[in-house]
Amino acid sequence: MAQIVSIIGITHNPFMPRLFKQPQQPPGVAKVKARIAMLREKLDRARPDVLICIGNDHLHQFFMDNMPAFLIGKMDQYNGTFYDEIREFDLPTCKLPGDVAISDAMMEGAFDRGVDFAYSNEVTIDHSIIVPMLFLRPEMDLPIVPILTNCIAPPMPRPCRFFAVGKAIRAVIESLPANKRVGVLVSGHLSLEIGGPKMFERRLIDPDFDAAAVGWIVNGDIDAAAQACTPENLITSGNMTSGYLNFLMMMGVANAAKPSYAEGLDAGFPAIPFFSWDTASTKDP
């Protein structure tokens, strides 16, 4: 049977790969690089055979004429990324292998657990998956199963639904007949502002939210998170703070267990999330 060998949550900030290549870098970049290196080593030690990559489309592939709540990709190979991301962020074009058999099994198993994924055989993935892969698996040699959420375009699924879908994903993985070592890579935000007056400020956007958001994950407190993470509350902490909802799905995949590492890093930028569950900490209590 398949087993979850690693769960990692990380930023998908598309400016960072270019920043890391610049000759002059803010002092906090060294801290960010150190955390990324730590998580890359954790993932490498876990030796996954496949990665379930949970992120979200940024109005590249989906728009208001077709906005799935949760979508799974079913392709042998995924291309990334989109022209504007290459132009604006200097992100590389990428080709990532897929695993259609696992995608199909995930979708069928989710149906049996009350989750009706949309699916696509024509997915192009953007920085929500490309950036974490550049950070943690730059070889891009592992097959992926991308799961895209709607965490940016209201109306969005409720916080408890993100958690419940994460629990279903975990249950499906553990029921897969293939003897696979499965890693789960999730990207999202803490408090964040894009295109608003707080964008590019070299400080935390909402330190109180960041501390609480990390605490909910550390304590497995989905009830507190659900109560606090209404759309109205999230937007007061930054207009893109709703990206945090992906981490509630991550919490569901982890069965609300205590992470082995959890931090909202203050490195002179908006807080940067780093979460991980190692093999032992992903098991049922």
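The analysis underlying the following values was restricted to heavy atoms, covering all of them including side chains, and did not include hydrogens, waters or symmetry mates. Nothing here was measured: the structure is a model prediction, and the numbers come from that model.
- Scanning both residues, Asp210 and Ala271, for their nearest heavy atoms gives OD2-CB, 3.2 Å.
- Closest approach of Arg113 and Ala171 over heavy atoms only: NE-CB, 3.4 Å.
- Side-chain atoms of Lys95 and Asn79 form a donor-acceptor pair, as typed in the model, at a separation below 3.5 Å.
- Residue Glu122 places its CD atom among 12 or fewer non-hydrogen atoms of other residues, nucleotides or ligands, all under 6.0 Å distant.
- Rounding to the nearest 0.5 angstrom, the gap separating the CZ atom in Arg181 from the CD atom in Gln3 is 5.0 Å.
- Atom CD1 of Ile235 is surrounded by 12 or fewer heavy atoms from other residues, nucleotides or ligands within 6.0 Å.
- Heavy-atom neighbours of Arg47 CZ from other residues, nucleotides or ligands within 6.0 Å: at or below the threshold of 12.
- Residue Ile8 comes nearest to Leu39 through the heavy atom pair CD1-O, 3.6 Å, listed as atom of the first residue, atom of the second, then distance.
- The backbone N or O of Asn239 sits less than 3.5 Å from a side-chain atom of Glu193, completing a donor-acceptor pair.
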**OP:** Show the numbers, then the answer: is there a side-chain contact (heavy atoms from CB on, under 4.5 Å) between Thr241 and His189?
**Re:** CA-CA 6 Å; Thr241 305; His189 308 304; over 6 Å; no
**OP:** Carefully, step by step, assess Tyr261 and Phe275 under the rule side-chain contact (heavy atoms from CB on, under 4.5 Å).
**Re:** CA-CA 5 Å; Tyr261 190 87; Phe275 302 107; over 6 Å; no
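- Annotation for Gln25: atom CD counts as buried by contact number, over 12 foreign heavy atoms lying within 6.0 Å.
- Under the 4.5 Å side-chain contact rule for hydrophobic residues, Leu59 and Leu192 share a cluster.
- At least one side-chain heavy atom of Leu134 sits under 4.5 Å from a side-chain heavy atom of Met140.
- Interatomic distance, CD1 of Ile10 versus CZ of Phe247, reported as 8.5 Å (0.5 Å rounding).
- Judged purely by distance below 3.5 Å, without hydrogens or angles, the side chains of Asn246 and Thr149 pair a donor atom with an acceptor atom.
- Side chain of Arg18 to backbone of Glu88: a donor-acceptor contact under 3.5 angstrom is found.
- Looking at Tyr78, its side chain never comes within 3.5 Å of a backbone N or O of Pro143 through a donor-acceptor pair.
- The environment of NZ in Lys33 is crowded: more than 12 heavy-atom neighbours from other residues, nucleotides or ligands sit within 6.0 Å.
- In summary, the aromatic rings of Phe82 and His60 are positioned with their centroids under 6.0 Å apart.
- Clustering ILVMFWY residues whenever any of their side-chain heavy atoms sit less than 4.5 angstrom apart, transitively, puts Met1 in a cluster other than the one holding Val184.
- Looking at Ser191 and Asp206, their side chains never bring a donor and an acceptor atom within 3.5 Å of each other.
- Under a hydrophobic clustering in which Ile, Leu, Val, Met, Phe, Trp and Tyr are joined whenever their side-chain heavy atoms come within less than 4.5 Å, directly or via other members, Ile173 and Val100 fall into different clusters.
- By the 6.0 Å contact criterion, CZ on Arg40 is enclosed, its count of non-hydrogen atoms from other residues, nucleotides or ligands being greater than 12.
- Taking the six-membered ring where the residue is Trp, the centroids of Phe15 and Phe89 are separated by under 6.0 Å.
- Listed here is the closest heavy atom pair of Ser187 and Ser128: OG-O, 2.7 Å.
- Remark: the Thr11 side chain and the Asn13 side chain contain no N/O donor-acceptor pair separated by less than 3.5 Å.
- More than 12 heavy atoms of other residues, nucleotides or ligands sit less than 6.0 Å from atom CD of Glu139.
- Put simply, SG on Cys160 and NZ on Lys167 are 12.0 Å apart, with the number rounded to the nearest 0.5 Å.
- Note on Leu51: it clusters hydrophobically with Met38, by side-chain heavy-atom contacts below 4.5 Å among ILVMFWY residues.
- Closest non-hydrogen pair, Pro154 versus Ile152, comes out as CD-O, 3.4 Å.
- Side-chain atoms of Asn233 do not come within 3.5 Å of backbone N or O of Cys229 as any donor-acceptor pair.
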Original post:
After noting the C-alpha distance and the side-chain angles of Met249 and Phe163, does the key distance pass the side-chain contact (heavy atoms from CB on, under 4.5 Å) rule?
Top reply: CA-CA 4 Å; Met249 185 178 290; Phe163 181 78; over 6 Å; no
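- A donor-acceptor pair under 3.5 Å is absent between the side-chain atoms of Asp104 and the main chain of Lys74, judged by distance alone.
- Between Asp90 and Lys21 there is a salt bridge, with a side-chain nitrogen of the basic residue lying less than 4.0 Å from a carboxylate oxygen of the acidic one.
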Subject >> Trace of the side-chain contact (heavy atoms from CB on, under 4.5 Å) decision for Leu234 with Leu245 >> reply: CA-CA 10 Å; Leu234 288 172; Leu245 294 171; 4.3 Å; yes
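- Tested against Met75 for a side-chain contact (heavy atoms from CB on, under 4.5 Å), the candidates Val123, Ile125, Ile144, Asp99 yield a single pass: Val123.
- Residue pairs meeting the ring-ring contact (aromatic ring centres under 6.0 Å, His included) criterion with at least one member in residues 141-160: none, sequence neighbours excluded.
- Judged by distance alone, the side chain of Ser260 and the main-chain N or O of Ser276 form a donor-acceptor pair under 3.5 Å.
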Subject >> Full working for ring pair (Phe, Tyr, Trp, His ring centres under 6.0 Å) between Phe117 and Phe111 >> reply: CA-CA 8 Å; Phe117 278 117; Phe111 283 152; 8.2 Å; no
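- Among residue pairs with one or both ends in residues 17-46, those qualifying as ring-ring contact (aromatic ring centres under 6.0 Å, His included) are Phe20-Phe135; sequence neighbours excluded.
- Residues Tyr119 and Leu176 are members of one and the same hydrophobic cluster, defined by side-chain heavy-atom contacts under 4.5 angstrom among Ile, Leu, Val, Met, Phe, Trp and Tyr.
- The backbone N or O of Leu43 sits nowhere less than 3.5 Å from a side-chain atom of Ser6 that would complete a donor-acceptor pair.
- Atom CZ of Phe62 sits in a crowded spot, with more than 12 heavy atoms from other residues, nucleotides or ligands closer than 6.0 Å.
- Looking at every heavy atom in both residues, Pro48 comes nearest to Val182 through CB-C, 4.4 Å.
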